[in-house]
Amino acid sequence: MSTKYVFVTGGVASSLGKGIIASSLAKLLQARGYKVTNQKLDPYINIDPGTLNPYEHGECYVTDDGAETDLDLGHYERFTGCPTSQANNITTGRIYQNVINKERRGDYLGKTVQIVPHITDEIKRNIKLLGAKGEYDVVITEIGGTVGDIESLPFIEAVRQLRWELGEKSVLIHLTLVPYLSATGELKTKPTQHSVKALQEEGLQPDILVLRTEHELNNDLRKKVALFCNVTPEAVIQSVDVSTIYEVPLRMRDEKLDEIVLERLGLPLNSEPDLEDWIKFLYKLKNYSKEVRIGLVGKYVELHDAYKSIVEAFIHAGAINDCKVNIVWLHSEELTQENAEAKLKNLHGILVAPGFGHRGINGKLLAIEYARTHNIPFFGICLGMQMAVIEFARNVLHLEGADSTEMAAKTPYPVIDLMESQHDVTEKGGTMRLGAYNCELKEGSKAFEAYGQKFIRERHRHRYEFNNKYKDKFEQAGMVTTGVNPETGLTEIIEIPKLKWFVGVQFHPEYKSTVTKPHPLFIAFIKACLS
């Protein structure tokens, strides 16, 4: 069977949840036995989100093959359990870079390089890359931004061309907002009508409308939208606000989104979707008997999307532990010697988050010291692990001025140092140690207990590492290396065995946590916080 394509566009406002709708549809089709993958087209000119400020874009997600991508790819993986790759996230920057490289090589043989056909052809080539492999029955492509944005016009034009070329092999879903005016008690459809009109002006007619709404839509309203937007009434679908994003696949199933898409693609319904595991997870998520308070210490805590994968990993691990995880957001710049006790004393566990740069470092060190000296379960991720090493070096080994060369280039004790492979790197984008690497665990360690196996493979995003010159000093004082990269000897995991649960990891376990397969370290951390 040749690959079919579904395109998801958005209108009226940004952040309506295109990624969640695309992920939910993928889950439903997957539950019917189809092989599905999701793709995100981002209209910004950055090559990837790797150099973007989290305040602007949320977290940067990393795939097994080392691609720095949009956070929506995290949703794709969490909903479907299928890993994504470089090909699943394409930016305008990547498209233009590819075209300019071809022009410099002379591939266009002296032709004037233009948006149409050269840019649009490159977009189409990238959209079809995943389908060309023959691995997938359906590729769901989400177009970032909002219809009418100047930046997204080349993507919209490429989709218009592709729809003509693909014929019945494609479906277009348009997600819009139906606002509620509390003053008059009315739901207003005019913004949706205008959004569809803007899409039609660009040559695209949606097959399905998904209407984001705070209130249920009645049949009359659906018929009105169908009439003015040239879609059938059954293809006007409501997406009512729900308490958790993980309810959306079930709501879309109730609305028959998967059935309508398969019918439009000419694909058989096969069996009813098998959502038993998903329903069990939702039940556990909502019917818990215990609660824990976890302090998440970071410098971007005003924007929760900066730690999106960590938040979701806590949700997955909490459900497995029959527990609700209440995250207490602690800004590392606001943690001081004077207020640390008051802010940390009522927590069941402390997680120090990843990040870069010196800002907020002192607050992270204070949180780690408090966790270590009060025997509160501690979990350090990437920079959080490095900070645990620095705190131990200063306060246990008494190495005054111990630091990372990222923060203090001339520290007398560089317990965290630039990786050897990074010394000649000058460019910022896409040059870190990225992607999945092997790790060998020490038997009897907390990490080994959590994973239940000796060899693991986890995703990374860093330039600095634990300086193995100090390894013996640390181990003699009680902080031991329990995970090592077998190829390079790089320290991947540190623990303090005498404490209840004190674990720091150089990698990012949150990237691999999914609904049906919560990450073992998060499960073990929550379990320790409950004990």
Side-chain angles (χ1 to χ4, degrees), residues 54-55 58-59 71 74 78 243-246 284-286 288-355 359-388 391 446 496 499-505 508-511 513 518-519 521-531:
Y55 286 122
E59 83 173 359
L71 62 79
R78 287 187 282 273
S243 59
T244 167
I245 58 172
Y246 299 114
K284 287 182 177 180
L285 189 61
K286 293 185 173 186
Y288 47 86
S289 60
K290 297 160 284 196
E291 295 190 40
V292 290
R293 290 182 304 281
I294 307 293
L296 194 157
V297 184
K299 63 179 179 180
Y300 303 116
V301 294
E302 312 95 302
L303 183 73
H304 296 180
D305 271 2
Y307 306 107
K308 190 65 178 171
S309 291
I310 291 174
V311 172
E312 300 306 316
F314 274 137
I315 291 171
H316 307 154
I320 286 287
N321 280 297
D322 187 27
C323 164
K324 181 182 181 184
V325 178
N326 296 303
I327 296 176
V328 180
W329 297 90
L330 297 169
H331 201 301
S332 56
E333 286 188 287
E334 295 171 5
L335 265 180
T336 64
Q337 288 280 7
E338 292 72 34
N339 65 24
E341 171 79 24
K343 290 195 174 194
L344 302 172
K345 66 181 179 181
N346 294 318
L347 299 174
H348 297 110
I350 293 172
L351 182 145
V352 174
R359 188 164 64 85
I361 289 304
N362 289 337
K364 292 184 177 184
L365 292 170
L366 282 170
I368 294 164
E369 182 181 12
Y370 190 89
R372 180 179 59 78
T373 56
H374 291 75
N375 201 10
I376 296 171
F378 165 78
F379 195 5
I381 297 177
C382 197
L383 183 65
M385 172 266 205
Q386 295 175 3
M387 290 299 103
E391 189 278 328
K446 293 286 196 297
I496 302 179
L499 297 179
K500 185 195 280 188
W501 207 90
F502 191 103
V503 177
V505 297
H508 289 261
E510 69 273 21
Y511 291 149
S513 185
H519 196 282
L521 287 177
F522 278 88
I523 295 172
F525 177 50
I526 297 302
K527 198 172 286 183
C529 293
L530 286 165
S531 64

>> For A317 versus P518, what's the shortest heavy-atom pair and its separation?
In response: N-CB, 4.1 Å

>> How long is the straight-line distance from CZ of R372 back to CG of L499, given to the nearest 0.5 Å?
In response: 8.0 Å

>> Could you tell me if the side chain of S309 sits less than 4.5 Å from the side chain of R78, heavy atoms only?
In response: yes

>> Would you compute the distance between atom CD of E510 and atom OH of Y307 and round it to the nearest 0.5 angstrom?
In response: 11.0 Å

>> Taking E291's backbone N and O only, do any of them form a donor-acceptor pair with N326's side chain (distance below 3.5 Å, no angle check)?
In response: no

> Given the rule in the side chain to side chain contact (heavy atoms under 4.5 Å, CB included) test, do F502 and I368 qualify, once you have shown the distances and angles that lead to the verdict?
Replying inline: CA-CA 10 Å; F502 191 103; I368 294 164; 3.9 Å; yes

> Are any of the side-chain heavy atoms of H348 and L530 separated by less than 4.5 Å?
Replying inline: no

Got a list of side-chain donor-acceptor pairs under 3.5 Å for residues 374-383, not counting sequence neighbours?
unit_1 : atom_1 : unit_2 : atom_2 : d
H374   : ND1    : Y370   : O      : 3.0
N375   : OD1    : K500   : N      : 2.8

> Are any of the side-chain heavy atoms of F522 and I310 separated by less than 4.5 Å?
Replying inline: yes

> Which value, rounded to the nearest 0.5 Å, describes the distance between F314 atom CZ and I523 atom CD1?
Replying inline: 12.5 Å

> If you take all heavy atoms of L335 and G363, which pair is closest and at what distance?
Replying inline: CD1-O, 3.5 Å

> Do you know which two heavy atoms are closest between D322 and S289, and how far apart they sit?
Replying inline: OD2-OG, 2.6 Å

>> Treating K446 as the side-chain partner and A524 as the backbone partner, does any N or O pair qualify as donor plus acceptor under 3.5 Å?
In response: no

> Under the 3.5 angstrom rule, does the side chain of R293 hit a backbone N or O of N346 as a donor-acceptor pair?
Replying inline: yes

>> Surrounding CD of E302 (heavy atoms of other residues, nucleotides or ligands, distance under 6.0 Å), is the total greater than 12?
In response: yes

>> Show, in sequence, the C-alpha distance, side-chain angles and deciding distance for V505 and M385, and conclude whether the side chain to side chain contact (heavy atoms under 4.5 Å, CB included) test is met.
In response: CA-CA 6 Å; V505 297; M385 172 266 205; 5.6 Å; no

>> Measuring from atom CD of E59 to atom NZ of K308, what distance do you get when rounded to the nearest 0.5 angstrom?
In response: 9.0 Å

>> Suppose we call two aromatic rings close when their centres sit under 6.0 Å apart. Are H316 and Y246 close by that rule?
In response: yes

> What are the two closest non-hydrogen atoms of T336 and L366, and how far apart are they?
Replying inline: C-CD1, 3.4 Å

> CH2 of W329 to CD1 of I294: how many Å apart, nearest 0.5 Å?
Replying inline: 12.0 Å

>> Do L330 and V301 make a side-chain contact, defined as non-hydrogen atoms from C-beta onward lying under 4.5 Å apart?
In response: no

> Got a sec, which pairs hit salt bridge (charged side-chain N to carboxylate O under 4.0 Å, His left out) with one end in residues 335-350, sequence neighbours left out?
Replying inline: none

>> Looking at every heavy atom in both A367 and V297, which two are closest together, and how far apart are they?
In response: CB-CG2, 3.9 Å

>> Under 3.5 Å, is there a donor on one side chain and an acceptor on the other for R359 and S332?
In response: no

>> Let me confirm one number: the CD1-CD1 distance from I327 to I315, rounded to the nearest 0.5 Å.
In response: 7.0 Å

>> Testing the basics here: between S513 and H519, what is the closest heavy-atom pair and its distance to 0.1 Å?
In response: OG-N, 3.3 Å

